[in-house]
Amino acid sequence: MPSWTWQRSAACRGEDLYLFFGREGESRTQRDQRETAAKAICAQCPVRSECLSYALSTPERYGFWAGLGEDERASERRRRMRRAATAGVSAV
């Protein structure tokens, strides 16, 4: 069972959930502003590496985790898988 204790120290703790997951029907401008704000919070987070490890191992498909959106996390997973395949070890 994974440990969730790292979340107690997360910079996003207590922030509006919609900042990291968005609202249905938001405009491109609203999304860009929201994503910029979410990334700024994640950039100063003391548990960013734990958050990223969780999001990549789950895999979380939605929202911002460790400052990465869905597409960025998918790219990171592929990069790690290629690196692991080259090294002959597990991907995450």
Side-chain angles (χ1 to χ4, degrees):
M1 176 173 238
S3 172
W4 293 91
T5 56
W6 59 268
Q7 288 186 337
R8 290 185 207 140
S9 300
C12 63
R13 186 177 170 109
E15 294 287 341
D16 185 347
L17 186 61
Y18 289 115
L19 182 61
F20 297 92
F21 291 92
R23 295 181 188 272
E24 191 172 327
E26 71 183 348
S27 71
R28 176 69 177 175
T29 300
Q30 289 170 322
R31 186 175 97 196
D32 290 346
Q33 291 172 345
R34 177 183 56 76
E35 290 179 354
T36 297
K39 285 184 178 208
I41 291 170
C42 292
Q44 51 131 0
C45 186
V47 294
R48 187 174 181 182
S49 62
E50 292 89 339
C51 182
L52 181 60
S53 292
Y54 166 77
L56 295 178
S57 66
T58 305
E60 281 292 342
R61 291 188 193 173
Y62 305 104
F64 266 82
W65 292 83
L68 302 179
E70 297 94 345
D71 294 339
E72 294 164 314
R73 286 193 310 280
S75 293
E76 179 64 16
R77 279 189 204 95
R78 287 189 300 272
R79 186 184 68 76
R80 288 182 181 204
M81 289 174 72
R82 282 191 304 270
R83 188 176 61 202
T86 302
V89 296
S90 70
V92 179

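In this text, all values refer to a predicted model and were calculated from it rather than measured experimentally.
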| request: Rounded to the nearest 0.5 Å, what's the gap from CZ on Arg77 to OG1 on Thr58? Could you check? | output: 8.0 Å

Report, one line per pair, each donor and acceptor closer than 3.5 Å where one atom sits in a side chain of residues 32-45; sequence neighbours left out.
residue, atom, partner, partner atom, Å
Arg34, NE, Glu26, OE1, 3.1
Arg34, NE, Glu26, OE2, 3.2
Arg34, NH1, Leu19, O, 3.2
Arg34, NH2, Glu26, OE2, 2.7
Glu35, OE2, Arg31, NE, 3.4
Thr36, OG1, Asp32, O, 2.9
Lys39, NZ, Glu72, OE2, 2.8

| query | Would you call Arg73 and Glu76 a salt bridge, using N to O less than 4.0 angstrom? | reply | no

| request: Could you go through the side-chain hydrogen bond (donor to acceptor under 3.5 Å, both in side chains) check for Arg83 and Thr86 one step at a time? | output: CA-CA 5 Å; Arg83 188 176 61 202; Thr86 302; over 6 Å; no

Contacts under 3.5 angstrom, residues 60-69 side chains, donor-acceptor by atom type, not counting sequence neighbours:
residue, atom, partner, partner atom, Å
Glu60, OE2, Tyr54, OH, 2.8
Trp65, NE1, Tyr62, O, 3.1

| Taking only residues at least two apart or on different chains, which pairs with a member in residues 7-20 satisfy side-chain hydrogen bond (donor to acceptor under 3.5 Å, both in side chains)? | none

| Heavy-atom closest contact (Arg78 atom, Ser75 atom, distance) | NH2-OG, 3.1 Å

